[in-house]
Amino acid sequence: MDLFAEAIAWIFSTDTQSGSLPLSEAIATHLAFTVVSVLIAAVIAVPAGWLVGHTGRGREIAVGLSGAARAVPSFGLVLLLVLVFGVTHKVGASTTAFVLLAIPPILAGAYSGVEAVERRIVDGARAVGMTSSQVLGKVEIPLGLPLLIGGLRSATLQVVATVTLAGYVGSWGLGFYIVQGIQIRDFAQILGAALVIVVLAVLLDLLFALAERAVVPRGVRAGRDGR
Amino acid sequence: MRTIRRTTTLVAGAAAALLTLSACGGDSDPLEQDTGDSGEDTASDTIVVGSQAYYSNEIIAEIYAQALEADGFTVERNFSIGQRDAYMPALENGEVQVIPEYTGNLLQYFDPETTATSAEDVYAELANAVPESLAVLEQSPATDQDSYNVTADFAESEGLTSIGDLAGIDGLTVGGPAELEERPYGPQGLADVYGVDVAFEATGDTTVQDLVAGTVDVANVFSADPRIQTEDLVTLEDPEGLFLASNVVPLVGADVVEDVAAVIDPVSAALTPEGLVDLNVQSTEEQRSSEDIAADWLAENGLA
């Protein structure tokens, strides 16, 4: 338990305020990588997922793609992209790697959310005269939101953990302390940085848990409560 | 049987790991590696040459091996054993008798508190620091140690030959592995010893690429790295001994010193810093095998 005490002490020590990467800056860059990567991935994957779920076209491709992409080794991808993009574009290369990592779960959340809407409800919407885009916009998307948020949630958790790898290519993110700590055998620093990452992950997860509840349409919630 | 033994070893290893973890205190080191089982016994008339798991070290070991063979010894090669923690026990109990080492890093292994940095001081201290069962032969002028490097263009435009010449240049950034920041020769050492103020940028595995691309101005690279030659870098001199000198030195079993010194000492004398870089270039750029590189080198130097 000594090591835990030392790790906690490391987090709150003044040493972490100075140096080439102060702790506050490490947390800020870690979160920035996470948020930007997930946002870019969402801009790409959410419309694509909705389209796949609505039309049913390209479903096999989406399923295959999101399955296969999960097998990509993220560490190799980060280093490969840094070499491909060149060292002057390390931020772009790392972000691209994290975006690729975040796309599969978001894509899966988007299309399965739309797909999971009961056929009866979709048929009903058509029967009252809604156009195809109205069905998507007013029925399928709102009803599919909880699953979409679930996809965003798992993508964010995966990315916040993986951004640690950015520490291997530059002075940013909490991974920097872990990479450095391993070499100088400072285990309090390694564990301290890991604990901060855990706290970030838990906080982000909590946010998404709240969001998932908030996006359940009022009508649906009323229906559930009534039962 | 093999599988069963293997499983037992795994279980034992896991148990040991658990014990180590549960015994974790301030001083203990959870990353310490097991040394593992060592090789088989060898007859006394053969010399076992080992090497680190590092291509440059393996080339030097191959040179030792071929030089010994040319002199009539039977040589058994036990290359790419691993790092110091892995092969030192095998050396101490005589299973490996000759291995290429580096004075500074080896001294630091035996005496972590050492303050010696110059090649002579390090070698003198090392001779006393090695355990009784081992000995170091003459050190070679060839070094493979940390060094600060700049691009040839930068060196020319600023007139740089030594680390001290960097003093007074504003806005310098030094790149290297993340741990460089905490090393005695890192940014703090630069300021204390040479009055050079630098910002630090962790560049990990792409340090040389970063230097060439200009994201950092000064890079911490091993002095025998072939890319110093291929990328046209300039290694800055270190007259004040900021870096721990690390010359190539053969570490041998005390019982074979008499036999092998006459063969290996001339090899060490002939191996120059430039020569070592050249050997490394042949390996990384031309993809030649260490056998070929070693054979050519010995022939060129008239040693075989």
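Throughout, a chain's letter reflects where its sequence line sits, starting with A, and its residues are numbered from 1. Values in this document were obtained by computation on a predicted structure and should not be read as measured data.
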**Message:** Nearest 0.5 angstrom please: A:Q189 CD to B:E182 CD, how far?
**Reply:** 6.5 Å

**Prompt:** For atom CG of B:D192, is the number of surrounding heavy atoms from other residues, nucleotides or ligands below 6.0 Å larger than 12?
**Reply:**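 Atom CG in B:D192 is packed in, count exceeds 12.
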
**Item:** B:E156 atom CD: more than 12 heavy-atom contacts under 6.0 Å
**Value:**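 No, because the 6.0 Å sphere around CD of B:E156 holds 12 heavy atoms or fewer from other groups.
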
**pair B:E181-A:L21: side-chain heavy atoms closer than 4.5 Å** =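 Contact flag for B:E181/A:L21 side chains = no.
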
**Message:** Tell me whether A:Q180 contacts the main-chain N or O of B:A178 through its side chain, where contact means a donor paired with an acceptor under 3.5 Å.
**Reply:**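 Side chain of A:Q180 to backbone of B:A178: a pair is present.
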
**Request:** Let me know if B:T215 has heavy atoms under 4.5 Å from chain A in its side chain, its backbone, both or neither.
**Result:** side chain

**Message:** Less than 4.5 Å to any heavy atom of chain A: does that hold for the side chain of B:A213, its backbone, both, or neither?
**Reply:** both

**Request:** Considering non-hydrogen atoms only, spot the tightest contact between A:S171 and B:F200 and give its length.
**Result:**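 Shortest heavy-atom separation between A:S171 and B:F200 comes out as OG-O, 4.3 Å.
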
**Asked** Just checking, is any N or O donor in the side chain of A:K90 or B:T206 under 3.5 Å from an acceptor N or O on the other one?
**Response**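 Yes, B:T206 and A:K90 have a side-chain donor paired with an acceptor closer than 3.5 Å.
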
